Peer 1: 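Structure provided below as structure tokens; questions to follow.
Keep in mind that the numbers below use all heavy atoms, side chains included, and drop hydrogens, waters and symmetry copies. What you see is a predicted model; the values in this text were computed from it and never measured.
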There are 4 protein chains.
Amino acid sequence: MVKSKRGRPFGDHEARRVQIAAAACRVMVRMGIAKAGLADIAREMGCTTGVLSHYFSDKEQLLLFAKNYVFDQAFERAARVAADVSGFERLRVMLGESVRIDSDMVERCRLLTIFNGRAVGDPRLMQIQARRNERFWRLIEAELTELQRTGVLAAQMDVSLEARGITAMMDGLADQIVMKPRAWKPGEAEALLTIYLDGVLARHGVRGDGMH
Amino acid sequence: MVKSKRGRPFGDHEARRVQIAAAACRVMVRMGIAKAGLADIAREMGCTTGVLSHYFSDKEQLLLFAKNYVFDQAFERAARVAADVSGFERLRVMLGESVRIDSDMVERCRLLTIFNGRAVGDPRLMQIQARRNERFWRLIEAELTELQRTGVLAAQMDVSLEARGITAMMDGLADQIVMKPRAWKPGEAEALLTIYLDGVLARHGVRGDGMH
Amino acid sequence: MVKSKRGRPFGDHEARRVQIAAAACRVMVRMGIAKAGLADIAREMGCTTGVLSHYFSDKEQLLLFAKNYVFDQAFERAARVAADVSGFERLRVMLGESVRIDSDMVERCRLLTIFNGRAVGDPRLMQIQARRNERFWRLIEAELTELQRTGVLAAQMDVSLEARGITAMMDGLADQIVMKPRAWKPGEAEALLTIYLDGVLARHGVRGDGMH
Amino acid sequence: MVKSKRGRPFGDHEARRVQIAAAACRVMVRMGIAKAGLADIAREMGCTTGVLSHYFSDKEQLLLFAKNYVFDQAFERAARVAADVSGFERLRVMLGESVRIDSDMVERCRLLTIFNGRAVGDPRLMQIQARRNERFWRLIEAELTELQRTGVLAAQMDVSLEARGITAMMDGLADQIVMKPRAWKPGEAEALLTIYLDGVLARHGVRGDGMH
DNA sequence: TATGAATGAGTCTTCATTCAT
DNA sequence: CATGAATGAAGACTCATTCAT
């Protein structure tokens, strides 16, 4: 293990914060944000609430950290999975990864739902949340722009609007899955996503490239 | 007006409940569900919390009523606006109405976001919410089925999947609008919806009808 | 009892606040400000802590109110007792009243000591406290000025300085009494005050009036 | 310098305790006793709370030590300054030193105010505090008695009462200065003290000595 | 029907203290 | 000697709920 100058474990502090964040997420998904007290999170961790205040000044700070942690992970996952793919396929892979339903994915979506609900009525949280949303949307925009540059998609396509459409579709699928994951047979969510992306390609794809 | 034995108009009781629900919604959207106490709702009404107890046994009952009230209104609006339209256009009108951005619409969507967030971790609420969701989805399914019956859409179309896709798109647009309503120019949301519906028609529309 | 328009007792609210303030004072003098919790105050009142939050938004507000209440009472007492006295005697009576040692007086002084200690390090409190102090000092200044006007004291006397001296003597006596009330035989505190006031008269008294 | 067995200088331990006490005093004057936590004191020292535990078993012990340290210093200062003065002048010098307003003096007085406030409601602390007070009073008594012996002051003077009067004046001036140090022009506090002492001399001074 | 006083449980937060390294 | 992680108790505060008027 990496040690700090004085022989104390280094990075443990941050690692512990992540542990706590993860515990907080589990508890929130299980009990709901309203019922999830610090005591519950501590119990989930097998420690007392004092530990939590040791690592986070505030409950709000804890939740904020947890949220960012979850979001960052999601981004990393998308980036990782699309790393060695290119062309339109890259978009498909990237987004498809995010709608593959399993228990982790459902938990992730439920956290998103929780945080969105919490942000309403709190301008500061709302802005933070909006930024996260924009980050995702910009990511897609960048992909679309790249596809324009490489001649896969037409130059006259409204990149911004299409990106928002894709983002909406992704979020909407997540909403549906959160509600009733069991109503979705394996592959259905991916199918809808594919349909949507095919629509984008149909409208803006340049002949001779992806279609033919 | 119908009167009760003592001369008090019938329906007053229910009307008051609606008033309270509306006040609760305004407060929740403004302060967030976590911060919205009964006292705040009472203050919004210009009365004390005692009044709330008269009309609702519980805070949970109040919120449940408020939620149902909001949802029912949304359904009514959709039904009303699509009343004298038929064919594929009916679907367009019905759904378009729901994504026309104004302050009411944003408030409505934010309430939905609040209630969704609240439902996570509370199986009973989640089920209630899922039912509302299913109700909307069934509505669209019914419309699609009718369009199949009237030969507008192909019989082999997977009605259930398409309905879920449309629902997802609608919810996703709402999510985006909630986050940053000002990022949407008038008509953009409708445009994305139209694009999506056009996609449905393109895939499943029967020649000779809407397509030419 | 005075009633409000709707038949509810009027003024009860403020009366209750005073009750609570008095209880808080008793508890603080008995246990010290650090140990005096809201629960202790509530117990002293024979009610629960909820009542306290009903009448005071904050512990700080409660303590502030209590302090003001105590101070105002002290002022009223001084004014009352000096109401029908005039000349230099008026000053003597006014101040003598404040250093007559009994259990109430000791409690009052101890509260002052508590509040002074609490004010250190809290600029806001300090200012409030300073204002109270200044109020007392201005009162004495006014008396001295009046005695100048009526020819009892010389015009060239430094009113401000003398007033501060008297205030200091009063506060200092209170300090001593707080520490060890039993060390003071009846009349000793008054004697020291008299000596001090005599000194003032000796230095600034105009022949023919009080001295002769 | 004297060394312990292991080569560590004796007195280091005590010196560190004094350092800590001084830090504690600074923090208390700055933040108030209620807000001054061990962590704040440690931070002021540039170390962690663990260090404090090494030198003091208890927070209370730390504060007690700090208080005694402050008081002892005040006594030392008075003794030092009056070392080579005699007669009535000795009293003047001794006390005058204590009311010369500068930032150190204000801090000292504020600490006294803090400790006095803290003592109320805590019989043990109160007794300790009373003892400190008595020590000061006895000191003045001793001076007065000496002045009687040397024929400066009349034998029939009530030494105890006069000593308490002087003590009261000193404490009262301190109280005033604590509240609003800026309200005092240089020399005003000394002037009031001088006036008071002159009064003592006027009442009890033996002709032919200090008066001439 | 409405008021608002009172309750009391629940939660967050702070903090002195302990202890392994 | 010093660190900082962990404890756990204590206190303030919030708030839904009840109830007498």
Side-chain angles (χ1 to χ4, degrees), chain A residues 3-9 12-13 16 34-42 45-62, chain B residues 6 8 12-13 16 34-42 45-63, chain C residues 3-9 12-13 16 34-42 45-62, chain D residues 6 8 12-13 16 34-42 45-63:
Chain A
K3 300 270 183 169
S4 79
K5 294 177 240 173
R6 306 224 181 144
R8 271 173 177 289
D12 259 26
H13 191 81
R16 203 76 211 274
K35 297 277 175 60
L38 289 183
D40 301 299
I41 298 172
M45 293 269 306
C47 66
T48 64
T49 60
V51 177
L52 305 186
S53 25
H54 202 317
Y55 290 94
F56 296 96
S57 61
D58 227 338
K59 191 189 188 184
E60 193 183 334
Q61 294 306 314
L62 196 167
Chain B
R6 300 210 189 155
R8 195 174 293 284
D12 251 26
H13 194 264
R16 202 76 205 273
K35 298 270 178 64
L38 288 185
D40 301 298
I41 299 172
M45 293 268 306
C47 65
T48 63
T49 59
V51 177
L52 306 185
S53 322
H54 274 295
Y55 292 94
F56 296 97
S57 62
D58 225 337
K59 189 188 189 185
E60 196 183 333
Q61 294 309 312
L62 196 168
L63 261 49
Chain C
K3 299 270 182 170
S4 79
K5 296 176 241 173
R6 305 224 182 144
R8 272 175 175 286
D12 259 25
H13 192 80
R16 202 76 209 274
K35 297 276 175 60
L38 288 183
D40 301 298
I41 298 173
M45 293 268 305
C47 66
T48 65
T49 61
V51 177
L52 305 185
S53 25
H54 202 318
Y55 289 93
F56 295 97
S57 61
D58 227 338
K59 192 189 186 184
E60 194 183 333
Q61 294 306 314
L62 196 168
Chain D
R6 302 209 187 156
R8 193 177 293 284
D12 250 29
H13 194 262
R16 202 76 206 272
K35 298 269 178 65
L38 287 184
D40 302 298
I41 298 173
M45 295 266 306
C47 67
T48 63
T49 60
V51 178
L52 306 185
S53 323
H54 274 294
Y55 293 93
F56 296 96
S57 62
D58 224 338
K59 190 189 188 184
E60 195 183 334
Q61 295 305 313
L62 196 167
L63 262 48

Peer 1: What is the distance from atom CG of A/Leu62 to atom CG of A/Leu38, rounded to the nearest 0.5 Å?
Peer 2: 7.0 Å
Peer 1: Select from A/Ser57 and D/Glu60 the residue whose nearest nucleotide in DNA chain E is closer to the 5' end of that strand.
Peer 2: A/Ser57
Peer 1: In whole Å, I'd like the distance from the CZ atom of A/Phe56 to the P atom of F/dA6.
Peer 2: 12 Å
Peer 1: Could you state the atom-to-atom distance from CG of C/Asp12 to C1' of E/dG4 in whole Å?
Peer 2: 12 Å
Peer 1: Check the distance between F/dT14's P and A/Lys59's NZ and give it to me in whole angstrom.
Peer 2: 15 Å
Peer 1: Grab the NE2-P distance between A/His13 and F/dA6 for me, whole Å please.
Peer 2: 10 Å
Peer 1: Can you give me the closest heavy-atom contact between C/Ala42 and C/Leu52, atom names plus distance?
Peer 2: N-CD1, 4.0 Å
Peer 1: For the pair made of CG in C/Leu62 and C1' in F/dA12, what is the distance, rounded to whole Å?
Peer 2: 12 Å
Peer 1: Counting Watson-Crick and G-U wobble pairs with both distances under 3.5 Å, what is the dot-bracket string for DNA chain F, 5' to 3', using [ ] for crossing pairs and | for pairs to another strand?
Peer 2: .||||||||||||||||||||
Peer 1: Does the side chain of A/Arg16 get closer than 4.0 angstrom to OP1 or OP2 of F/dG4 through an N or O atom?
Peer 2: no
Peer 1: Name every residue in residues 45-55 of chain C that has at least one heavy atom under 4.0 Å from any atom of DNA chain F, in order of residue number, or write none if there are no such residues.
Peer 2: C/Ser53
Peer 1: With rounding to the nearest 0.5 angstrom, report the CG to OG1 distance, B/Asp40 to B/Thr49.
Peer 2: 11.0 Å
Peer 1: Using a cut-off of strictly less than 4.0 Å between a heavy atom of the residue and any atom of DNA chain E, enumerate the qualifying residues of residues 34-42 of chain C by number.
Peer 2: none
Peer 1: Compare all side-chain heavy atoms of A/Arg16 with those of A/Met45 and state whether any distance is below 4.5 angstrom.
Peer 2: yes
Peer 1: Supply the atom-to-atom distance B/Cys47 SG to B/Ile41 CD1, rounded to the nearest 0.5 angstrom.
Peer 2: 10.0 Å
